[in-house]
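Right, one structure below, let's go through it.
Just so it is clear, the values below take in all heavy atoms, side chains as well, and ignore hydrogens, waters and symmetry mates. In what follows, every chain begins at residue 1, and chains take the letters A, B, ... in the order their sequences are listed.
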Amino acid sequence: MDTPLIEFRNVTKRFGTKNVLERVNLQIYEGQITTIIGLSGSGKSVMLKHIIGLIQPDEGTIFFRGKPLAEMNKAEIAASFAQISYMFQGNALLDSLTVYDNIALPLRETTNLKKEEIDRRVMARIEQTELTEAIHKYPSELSGGMQKRAALARALITDPQIVLFDEPTTGQDPVRKNAILSMIAQYQRKFNFTAILVSHEIPDVYFISNRILALYDRQIVFQGTPEELENFDHPFMDEVISSLEALQKELTGLFSKRQFGMLNHLQLKRRKVGESYCVVVFSLNELTAIYTKVGHDAAQEALRNMGLYIDKHFGNIGGFSSRHTANEIITMLPYSNIAETESIMDDFVSNFHKQVIPALGMGVCKLAEGESIDLNIVAGIAEGELTTDIDSVIAMAKSKQKEIGRLNCATGE
Amino acid sequence: MAVFENNISESGNITNGEPVSPILRPFSFVGRTVMGWFNSMGAATIFLCLAILSTLGRKQLFKTIQQIYYIGARSITIIMLVSLFTGMVLGLQSYHSLLKFGAAGAVGSLVSLSLIMELGPVLTAIMITARAGSAITAEIGIQRISEQIDALSTMRINPIRYLISPKISAAIISFPLLTAVFDLVGILGGYISAVVLLGLNGGVYLHSIKTYVEMSDITNGFTKSIVFAVIVATVCCYQGYFAHMRKDSHGAQAVGLATTSAVVTSCVLILVSDYVVTSLLA
């Protein structure tokens with residue numbers, strides 16, 4: 001693998017007599033979204049503050065592009081940190097400055113750009129983060145989500161190569177959490193920066209992260225992809241992941257991929273050879289267009305409503321669902337064959353048109369405020385047996401997807 | 001920066017956690033306290049030097065003017081009010097006292113010299129400490145505990161240059177100007193009580209001022225006010241800047257205690273330094 005962008009080798013940090021980090025080893029690679037997960041108060045933010053230089057390690061070495069920070073001279077350290085932006089957990093917007101001034105501050109204070117150029121760049125970021133109406137407001141006059149967006153705009157104004165996000169979704173509702181995470185993922189793709197997140201919103205961050213680092217008992221106990229974490233056998237999984245996933249299920253009606261896998265395994269173990277099960281894959285198409293046209297909130301609101309409705313409908317007949325990718329929900333019907341599932345789906349589609357489409361319309365079209373939106377919802381069914389690989393059944397269901405509903409918010413409506 | 005933050009965090013920790021015998025405990029306490037004072041004074045001096053080194057620059061000028069408005073211009077009303085009554089009380093007291101010796105004509109010089117050499121700089125500094133100094137500590141303290149200062153560092157904006165330096169510069173400019181206002185309005189207050197209310201001849205009042213007040217008295221008064229400005233601005237900014245490192249409290253409570261500590265320390269240091277500067281100038 002390439003040289004890590006940031007590497008910790010045996011980093012230890014103490015506050016008084018309390019060890020917060022103990023011989024921490026980790027690698028963060030360029031161009032990826034890396035998420036550090038762990039319980040609240042486990043030292044995740046302390047790790048981020050080591051990266052930006054706000055805290056120095058008591059022992060161990062931090063490497064930046066393969067070079068130890070401790071061996072760099074002042075100019076090299078300044079040049080390294082100049083590539084990094086930090087988005088604080090509490091946003092840390094300067095409360096005596098307006099949104100515009102907060103975003104313009106790094107350019108005004110650290111560059112010699114002309115006023116017109118600063119204005120152009122700030123206005124571009126304000127438009128991208130949908131803050132036009134809040135431009136002259138003070139941070140205390142903004143909602144939590146708007147403050148997050150203002151902090152994100154300020155973090156991105158200097159076109160950084162690395163952005164550190166400290167608990168970017170703390171204190172937000174499930175819809176807003178996913179909206180912020182999808183916003184980070186979208187901007188990461190757009191501006192191609194390396195994102196390092198600290199989060200305990202575990203199921204949600206799986207969808208946007210390339211790598212996960214798990215901090216447990218003052219050490220990094222796991223480094224790998226979200227898929228690899230699913231198979232990680234460690235007390236961390238029981239103590240941290242399970243409790244947070246249960247909370248997530250309560251809020252959204254959907255299981256995490258790990259829970260889905262476990263349930264699937266348990267259910268199929270009870271079946272006999274030759275008995276079949278069905279998988280339904282639902283997709284919300286044109287979700288990216290909704291992000292750009294209406295914003296992340298509307299898209300996440302639509303996904304959440306769909307998740308709750310699917311869980312309610314199929315949960316009653318023994319089905320269970322999970323968010324598979326950013327815009328896909330899969331439902332497992334362990335005791336139904338294809339004919340039964342098709343009949344259940346007919347009922348589902350009929351009710352979906354009567355109940356869900358109008359509800360989605362109320363939420364999404366209201367947020368659209370006159371923008372033309374065309375949201376296409378498709379679903380596909382596939383049958384599997386005990387011997388069939390679940391991934392191939394999901395792939396087959398996806399290949400059979402057809403439209404089950406369409407939401408159209410026409411311009412001006 | 002980290003070096004002097006470490007000095008502050010470790011101040012008073014000279015026993016390194018080792019147990020001290022009961023007989024030595026009072027000595028240990030005194031030693032720890034005195035070392036803590038010296039440590040804090042050293043850190044505050046480095047803090048002041050860093051702020052002064054960041055004073056120059058076009059961007060700094062705008063921020064300094066803004067701070068002159070907050071610290072100076074917005075304090076004028078309260079300074080005028082206090083100085084008017086201080087002058088009136090001085091005029092009243094000195095008129096009756098001097099009348100017993102047949103020296104009522106010296107009221108003008110007594111009032112003006114008291115104000116210019118002593119009361120003007122001292123009371124102005126104390127009033128600004130109460131009005132603007134406490135606000136400075138609270139503002140910086142809140143910025144510290146809400147991570148706004150850390151945010152500046154992560155944006156590669158030097159917080160001392162951005163936040164502290166303009167306030168210290170503004171204080172050094174504002175204090176002498178406000179002292180001049182205090183002196184003038186105080187002398188006017190003395191005139192009102194001694195001449196308008198008690199009937200002393202106005203010409204005598206003004207003539208005694210002209211005769212006895214010398215330029216060196218005025219310069220000394222301004223010198224004091226500059227010394228007080230440096231003390232007040234440094235103490236108030238320092239207390240707010242390091243509010244998060246207080247060992248006796250955390251969060252909002254730390255900001256409250258830092259503000260109280262800033263006002264009390266400033267007032268005590270104003271009076272102590274007043275004696276030192278007066279004896280040096282004499």
Considering only heavy atoms, which portion of B/I149 lies under 4.5 Å from any heavy atom of chain A: side chain, backbone, both, or neither?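 Neither part.
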B/S153 versus chain A, the contacting section by heavy-atom distance below 4.5 Å: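 Contact with chain A is through the side chain of B/S153 alone.
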Under 4.5 Å from a heavy atom of chain B, the part of [X] involved:
{"X": "A/L93", "answer": "backbone"}
{"X": "A/N91", "answer": "neither"}
{"X": "A/I52", "answer": "side chain"}
{"X": "A/L97", "answer": "side chain"}
{"X": "A/I84", "answer": "backbone"}
{"X": "A/R154", "answer": "side chain"}
{"X": "A/A82", "answer": "both"}
{"X": "A/N102", "answer": "neither"}

Among A/L181, A/I36, A/L48, whose side-chain contact (heavy atoms from CB on, under 4.5 Å) with A/L197 holds?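 Of all the options given, the one that passes is A/L181.
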B/H244 and B/F242 aromatic ring geometry - parallel, tilted or perpendicular at 30°/60° bounds: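 Judged by the thresholds at 30° and 60°, the geometry between B/F242 and B/H244 is parallel.
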Relative to the ring of A/F8, is the ring of A/H50 parallel (under 30°), tilted (30 to 60°) or perpendicular (over 60°)?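 Aromatic pair A/H50/A/F8 classed perpendicular.
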B/F38: which residues meet the ring pair (Phe, Tyr, Trp, His ring centres under 6.0 Å) condition with it, sequence neighbours left out?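 Result, ring pair (Phe, Tyr, Trp, His ring centres under 6.0 Å) vs B/F38: none returned.
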Pairs of heavy atoms under 4.5 Å with chain B: top-ranked of A/I157, A/L105, A/L164, A/T158: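 Of the candidates given, the most pairs with chain B belong to A/L105.
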Under 3.5 Å, side-chain donor or acceptor atoms of residues 44-54 of chain B against the rest of the protein: list the pairs with distances, not counting sequence neighbours.
residue	atom	partner	partner atom	Å
B/T45	OG1	B/M41	O	2.6
B/S54	OG	B/L50	O	2.9

Do A/Q56 side-chain atoms and A/G53 backbone N/O form a donor-acceptor pair below 3.5 Å?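 Here the side-chain-to-backbone pair exists.
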From B/L152 atom CG to B/M155 atom CE, the distance as rounded to the nearest 0.5 Å: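 B/L152 CG to B/M155 CE: 5.0 Å, rounded to 0.5 Å.
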Between A/D166 and A/K49, is there a side-chain N and carboxylate O pair less than 4.0 Å apart?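 No, this pair does not count.
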